[in-house]
Amino acid sequence: MIQTDDQMLIAQQCIANLRRILLEARKVHSRKDYARMAEPILLEVQQREQDILEYLSSDLEEPVAS
Amino acid sequence: MRGLVAGWSVPKRRSGRAAATPAETNTQTIKLSTTGFNTHIRNPQTRLRPTYRALGWAIAKTETGVWPICYRELVLPKLTEAGELPPGVHVADWQEFQSRFGGSSSRRMWLSGRLRELLELAAGSGKLRRVFIWGSFVTAKPAPRDLDILLIMDEDFEVEHSAAAAQGVFDSARAKLLFESDVFWARASIGPEILDLWLDTYQTSRSFRKRGIVGLELP
């Protein structure tokens with residue numbers, strides 16, 4: 001679960017990495033094998049994107065009064 | 001008997017000095033066994049982190065000449081305070097891996113059996129090149145949830161050419177059911193840069209801690 005902005009940026013970077021892996025994998029696997037090997041990675045992308053959406057849609061913390 | 005695997009420092013001299021780290025040279029790994037030498041070249045980009053217990057020197061004859069080699073006994077590093085391997089890809093043979101993570105609880109013994117069967121099926125194709133394991137199984141947790149595995153297969157590997165039983169390994173849903181494993185796999189032709197990216201990505205846990213991955217030496 002993402003709790004800070006920094007963690008959200010890390011999650012975004014992970015998603016970018018996984019997308020790059022998939023782009024490269026498309027070039028070197030047959031269609032059927034790509035579908036098989038991409039499945040768990042796509043699931044991972046989906047889960048991490050969901051984490052980001054949950055974080056971005058969560059309530060802001062109350063600012064600390066100075 | 002614990003396997004001895006040659007380590008770094010194939011002294012391909014550059015500027016009159018021996019290369020000191022894997023990153024500085026094309027590292028040549030040479031497996032020492034009673035049957036002789038089995039050699040392959042590691043790409044220096046994979047950033048493998050060797051850990052030493054015993055060191056020694058030997059002479060190896062390879063296709064490219066005669067090399068003095070430094071050999072090591074494989075040892076996984078201590079777990080961090082968080083109960084995880086320190087960041088990096090840590091190489092271990094099956095015996096080392098098994099003794100460290102495979103037998104301390106009934107859950108671990110069971111998962112270890114699943115892993116062995118999975119690897120035997122994957123290797124049955126003759127095209128299994130590299131294996132990486134991360135996640136809760138390579139932590140201090142007595143009851144890991146599942147196995148997280150990356151299999152790198154030969155460049156001409158096709159799932160459909162594998163035995164029927166082995167095909168389940170490369171189908172993520174079936175692998176989850178049969179082996180309680182999240183199995184990721186790819187052909188080696190994705191290249192070392194993408195493999196590095198993959199390993200780097202999975203060194204970040206879902207709780208955003210950097211943790212280590214085990215690179216399992218194949219027999």
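Each chain gets a letter, A, B and so on, in the order the sequences are listed, and its residues count up from 1.
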Please report the shortest heavy-atom distance between S30(A) and R187(B), naming the atom on each side.
-> N-NH2, 4.3 Å

Chain B-proximal positions within residues 5-12 of chain A [heavy-atom distance under 4.5 Å] | Q7(A), I10(A), A11(A)

Taking atom NZ of K176(B) as the centre, does the number of heavy atoms from other residues, nucleotides or ligands within less than 6.0 Å exceed 12?
-> yes

Looking at R20(A), Q13(A), E24(A), Q47(A), which one has more heavy-atom pairs under 4.5 Å with chain B than the rest?
-> R20(A)

One should read off an interatomic distance between I21(A) CD1 and E193(B) CD, to the nearest 0.5 angstrom, of 11.0 Å

In short, ring pair (Phe, Tyr, Trp, His ring centres under 6.0 Å) pairs touching residues 159-191 of chain B with sequence neighbours left out are H29(A)-W185(B), W134(B)-F184(B), F157(B)-F170(B), F157(B)-W185(B), F170(B)-W185(B), F184(B)-Y202(B)

Please look at E44(A) and chain B and tell me whether the side chain, the backbone, both or neither of the residue comes under 4.5 angstrom of a heavy atom of that chain.
-> side chain

With K210(B), which residues qualify under side-chain contact (heavy atoms from CB on, under 4.5 Å), at least two apart?
-> P87(B), D200(B), Q203(B), T204(B)

Could you pull out all residues at least two apart from V28(A) that satisfy side-chain contact (heavy atoms from CB on, under 4.5 Å)?
-> S189(B), I190(B)

Say you draw a straight line from CZ of R174(B) to CZ of R36(A); how long is it, rounded to the nearest 0.5 Å?
-> 9.0 Å

CG (N17(A)) and CG (L199(B)) are apart, to the nearest 0.5 Å, by 11.5 Å

If you take all heavy atoms of E39(A) and A173(B), which pair is closest and at what distance?
-> OE2-N, 4.3 Å

Measure the spacing between OG of S207(B) and CE of M1(A) and express it to the nearest 0.5 Å.
-> 13.0 Å

Distance col, row T201(B):OG1 vs I15(A):CD1, nearest 0.5 angstrom, shows 11.0 Å

For E155(B), is it the side chain, the backbone, both, or neither that has a heavy atom closer than 4.5 Å to a heavy atom of chain A?
-> neither

Checking heavy atoms, do the side chain of L43(A), its backbone, both or neither come under 4.5 Å from chain B?
-> neither

Go through the atoms of K27(A) and report whether side chain, backbone, both or neither lie under 4.5 Å from a heavy atom of chain B.
-> neither

Whether over 12 other heavy atoms sit under 6.0 Å from R26(A) CZ | no

